[in-house]
Each structure stands twice: as C-alpha cells, then as structure tokens.
Amino acid sequence: MIASFFEESILKKAKDKGLVEIELVNLRDFAIDSYGTVDDRPYGGGAGMVLKVDVLYEALSSVIPNLFRDLNKINKKQKMLKPTCRQAWQVQHDNNHYQKIVLTSPKGKVFNQKKAKEYAKLDHLVIIAGHYEGVDERVLNFVDEEVSLGDFVMTGGEITAAAITDAVCRLVPGVLKKEEASKIESFFSVPIDRLIEVVGEDEILKKLKEKGIKKVKLLEYPQYTRPEDFLGLKVPKILLSGNHKKIEIWRLKKAWEETKRKREDLLK
C-alpha cells in the first residue's frame, strides 16, 4: 500500500545515499495458517477484526533478534519474582536505548515535531501499522508507546506510519541539503525575549513570560517565489530589498501573526 511512497523524492535519495534504511514487513508472511490470516474476531463479540498477537510477535521477532524468547532465562538473570510479560520485555529492551517500537493507534499521543526529533536520534525505529479495530491488547507488552496523527479514525495505520517515517528521516543529518531547512520549517522556536523585542509587548507573550516560558514555538513565516506580481498579488517589498536584518524581523513578525491566527494552541 505504501511501498511506492518510499521510492520518491527525499526518502528515495536518503535511501540511495545509505543515510537511512527502510524495510517494509508484510504481516501475512508470518501468518500461522495457509490462508495468510493476520486478524480474527474479538473475544466477547463485537464488530470488526483484531490483529493477532502471535502474528505481530513473529513479525517483530524478524526485525529484532532475541525479542522475547525465553521468559524463564530473563527472570533468572534479573532475579525477578514472577514478573509480568511486560516487565521481562522491558528489562531486555531497556538494554538498547537507541531502539524503539511504536504502534500507530487513535489511542496514542499525537505525533509532533518534538517526537520526530526524538525518533531521529534512534538507531532503529519499528512502527507497527495498527488496524482500525485495533490490535490484541497483549501486543502492547512489546510496544514502547502508541502514537496517533490526531483525533480521527482511518482504515489502517499505514498512512500514519509513512508520515512518521517521512518526518523522522528528513531530520537525519545529511538527508536535507541545507541544515537550516530542518531547523526552520513548519514549526520553529524563538527565545521569548527576542520575540518581545521584535513584536513589542503582547498580552499573550506577557503571560507566557510570567509562567517562566523561555522559548515560543511558532508556525513558519509566509514564503514567496517568482513571479513578483501575479494577477496583482505582489511579493512584499521587504523580501526584495536585500536587507537581511529587516527581512529577519519581518519574518518573525509574520510568524507571530500566523501563529496567533491559525494555531493559538501553541501559545498556551
């Protein structure tokens, strides 16, 4: 469903340069029957199908060696008294601080740029594309966290997984041509004192400073390119001036205005 997405644009170039490795794992390859069954009816009744824990476990084991094969061995090594499956998994998994397993789920925390930066520092990120009816709850024993794109429901988590992959890969050093491109994009942070200096005393900024906020997250400033005049819609003169100091101030002001108008929730 999403294989072609990784063969285009920045992601393809990143793969070709050896900067990232992206592997797609087909759950049906790990089905335990000849029909390729990966989901089943939920116990207790209900609509829809649920992804099977045994299938997902085998799929995870294919990309993470020694995932969780011998509970007794782990228990003995860590001297635990009847630990839960989750505890034993966490003991083994915590030995690798640069690896994480996430599950796409409407129950998860909303994915954002901060999380993308966190994932970009990992050596290995495994994303399980969830099912619209969910997964067997026992799968969560092998998952570090659940993530979502927002409060809406899709048929599956493949699109969410692709979006996370794109957001993370572009933050890997060397993937983008200019380092600045990954620093100032849809969101960027500005010291609150600098923002007050540029836009003046603002009631929102005043309250944020009283709370001890040091930096403010803003939306990106407006961008323009050729032609200078299109159907009477002109590029702001300041951007044509060549005065970089004034352009920087203009951009900060516009970024502030854009954020207040479109995403005031970022300023709380």
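Since the model is a prediction, treat every value here as computed from it, not as a measurement.
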Residues Asp16 and Lys12 bridged, charged N to O under 4.0 Å: yes
Cluster check Ile196, Ile213: I/L/V/M/F/W/Y, side chain < 4.5 angstrom: yes
Parallel, tilted or perpendicular: rings of Trp250 and Tyr224 (30°, 60°): tilted
Ion pair Glu257/Lys254, N-O distance below 4.0 Å: yes
Joint cluster assignment, Ile128 & Ile32, ILVMFWY side-chain distance < 4.5 Å: no
Spatial distance of atom CG (Leu27) from atom CG (Asp39) [nearest 0.5 Å]: 9.5 Å
Point-to-point distance, once rounded to the nearest 0.5 Å, from CD of Gln113 to OG of Ser189: 10.0 Å
Minimum-distance pair of heavy atoms, taken over all atoms of Thr259 and Leu219: OG1-N, 2.8 Å
Shared hydrophobic cluster for Leu239 and Leu252 (ILVMFWY, side-chain gaps under 4.5 Å): no
Flag, side chain of Arg138 to backbone of Val53, donor-acceptor distance under 3.5 Å: no
Rounded distance [0.5 Å steps], CD in Glu197 versus CD1 in Ile249: 7.5 Å
Side chain to side chain contact (heavy atoms under 4.5 Å, CB included) assessment of Val126 paired with Val102: CA-CA 6 Å; Val126 178; Val102 301; over 6 Å; no
Pairs involving residues 1-10, ordered by first then second residue, that meet side chain to side chain donor-acceptor pair (under 3.5 Å) (sequence neighbours left out): Glu7-Lys15
Contact summary for Ile64 and His124, nearest pair of heavy atoms: CG1-CE1, 4.2 Å
Lys260 side chain reached by Leu267 side chain, heavy atoms, under 4.5 Å: yes
Any donor-acceptor pair under 3.5 Å from Thr160 side chain to Leu149 backbone: no
Closest non-hydrogen atom pair between Leu122 and Lys100, with its separation: CD1-CB, 3.6 Å
Ile192 and Lys215, any side-chain heavy atoms less than 4.5 Å apart: no
Any side-chain heavy-atom pair of Ile247 and Tyr221 under 4.5 Å: no
Tyr43 vs Val50 side-chain heavy atoms within contact, under 4.5 Å: no
For Phe188 against Glu220, the heavy-atom pair lying closest together: CE2-CA, 3.9 Å
Ser105: which of Glu145, His131, Glu146 passes side-chain hydrogen bond (donor to acceptor under 3.5 Å, both in side chains): Glu146
Note: Lys209-Asp193 ion pair, threshold 4.0 Å (strictly below): yes
Gap separating the CD1 atom of Ile22 from the CZ atom of Phe6, nearest 0.5 angstrom: 5.5 Å
Flag if over 12 foreign heavy atoms under 6.0 Å of OH, Tyr35: no
Salt bridge flag under 4.0 Å for residues Glu118 and Lys115: yes
Basic-acidic side-chain contact under 4.0 Å: Arg251, Glu248: no
Val55 to Ala31 - nearest heavy-atom pair and separation: CG2-CA, 4.2 Å
Within one Ile-Leu-Val-Met-Phe-Trp-Tyr cluster: Phe5 and Met154, side-chain cutoff 4.5 Å: yes
Non-hydrogen side-chain atoms of Phe187 and Leu266 separated by less than 4.5 Å: yes
Shortest non-hydrogen contact between Ala129 and Gly157, atoms and distance: CB-C, 3.6 Å
Flag, side chain of Asp166 to backbone of Cys169, donor-acceptor distance under 3.5 Å: no
Distance (rounded to the nearest 0.5 Å) between Ile10 CD1 and Leu19 CG: 12.0 Å
Single-linkage hydrophobic cluster, 4.5 Å side-chain cutoff, Ile238 and Trp256 together: no
Step-by-step side chain to side chain contact (heavy atoms under 4.5 Å, CB included) determination, Val147 to Leu103: CA-CA 6 Å; Val147 291; Leu103 169 69; over 6 Å; no
Leu51 and Leu56: CA distance, side-chain angles, deciding distance, side chain to side chain contact (heavy atoms under 4.5 Å, CB included) verdict: CA-CA 8 Å; Leu51 287 178; Leu56 279 170; 4.0 Å; yes
Student check: side-chain heavy atoms of Thr37 and Arg28 closer than 4.5 Å: no
Asp144 side chain to Ile101 backbone, donor-acceptor under 3.5 Å: yes
Student check: side-chain heavy atoms of Lys207 and Ile204 closer than 4.5 Å: no
Spatial distance of atom CD (Glu158) from atom CD1 (Ile127) [nearest 0.5 Å]: 11.5 Å
Heavy-atom check, side chain of Glu258 versus side chain of Leu218, under 4.5 Å: no
Derivation of the side chain to side chain contact (heavy atoms under 4.5 Å, CB included) call for Arg41 and Met49: CA-CA 5 Å; Arg41 294 186 299 275; Met49 305 288 275; 3.9 Å; yes
